[in-house]
Amino acid sequence: MRARGWEIVERVRAGEVLVFDGGYGTELFAAGLANGACPELWNDTHADTVRRIHKGYFDAGSQIVETNTFGGSRLKLNEYRIGDRTRELNERGARLARSVAPADGFVAGSIGPTSRLPAEYEPLGDTTDEEYFEAFREQAAALAEGGVDLFAVETMMFPQEARAAVRACKAVAELPVMATMFFQFEELHDRDRTMWGESPGEVATTLLAAGADAVGMNCGRGPDRAVVIIREMRAVTGAPLVAYPNAGLPITQGDRVAYELGPEEMAKDYPALLDAGAGIVGACCGSNPAHIRRIAEVVRARGR
Ligand SMILES: [Zn+2]
């Protein structure tokens, strides 16, 4: 039987827009996660809090919610000396989100960067494509075991790492993969590029070639740049496109970080984002359920 997650790809291809969720860091810090602590560990120690955050997004109108496993690869968990808990923390993460998902809700297994630089990135890089692949294969297998409907490879900075993650997901499960990268706005050139210097069109092309079923952008700047990035991706592909930008730029206030855009201001750009071709939309850093509620209203107001 074909996994239920494929329904997402079919619905977006048929013209429907689906609502993704919002930021987790903000919510976890608000719940007491200490700076420098491992967020994925909370899938064990603070399961009720994690479940409550997931439920908050489903209640706000998210149709797809992602797991609290962004830094759940062994390479990343090793930084906290808990690499040996990779399988357990990812499986737990998947089950937590699943436990509060409504019957028609979807769970995306979040796979973020390892924080290790690719070998080609001299002189600091040391990680080969094979090492990336192994780390993501292990994480993706545990997420699939925990019952995710699809994978969300996200906030990727380097194409090598992003491609390895997509291939690893495809190697362990017959589930859809959405893959999104982090773009920087280069004000001087008025353009958006990855850390590796790729354009949005190049990213879409390479990630689709690696096997992704939906591609796009997340994190980075605010929705105004997301509109431009998605438009450029749409120019090179008819594939489902995804956008979940940050709530604008971070503003540091003492030891706290706030973000520019409130729910109302952020949602203003979403009609243009839908026009640009985004079929799955949500928000990233600095957003909360209030942002998603407004974004979901924009999506619903537009109809199909
Ligand atoms: Zn973000």
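One-based numbering along the sequence shown. We count ligands from 1, going down the list as the structure has it; atoms in each ligand are counted the same way.
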Original post:
Hey, which protein N/O/S atoms does the Zn ion (ligand 1) have under 2.8 Å?
Top reply: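 Only Cys219 SG, Asn246 OD1, Cys284 SG, Cys285 SG fall inside 2.8 Å of the Zn ion (ligand 1).
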Original post:
For the side chain of Asp21 and the backbone of Ser62, is there at least one donor-acceptor N/O pair under 3.5 Å apart?
Top reply: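 Not a single qualifying donor-acceptor pair exists.
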Original post:
Just by modelled atom types, is the Gly248 backbone N or O under 3.5 Å from a matching donor or acceptor in the Asn246 side chain?
Top reply: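 A pair under 3.5 Å: no.
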Original post:
Can a cation-pi geometry be assigned to Arg4 and Phe106, taking NZ or CZ under 6.0 Å from the six-membered ring centre and within 45° of the ring axis?
Top reply: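 So Arg4 does make the cation-pi contact.
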Subject >> Remaining members of the apolar cluster that contains Val257, side-chain heavy atoms under 4.5 Å >> reply: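 Its cluster mates, by chain and number, are Tyr259.
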**OP:** Classify the ring geometry between Trp196 and Phe158 as parallel (under 30°), tilted (30 to 60°) or perpendicular (over 60°).
**Re:**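 Trp196 and Phe158: perpendicular rings.
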**OP:** Step by step, work out the side chain to side chain donor-acceptor pair (under 3.5 Å) result for Glu154 and Tyr244.
**Re:** CA-CA 10 Å; Glu154 57 183 2; Tyr244 48 112; 2.5 Å; yes
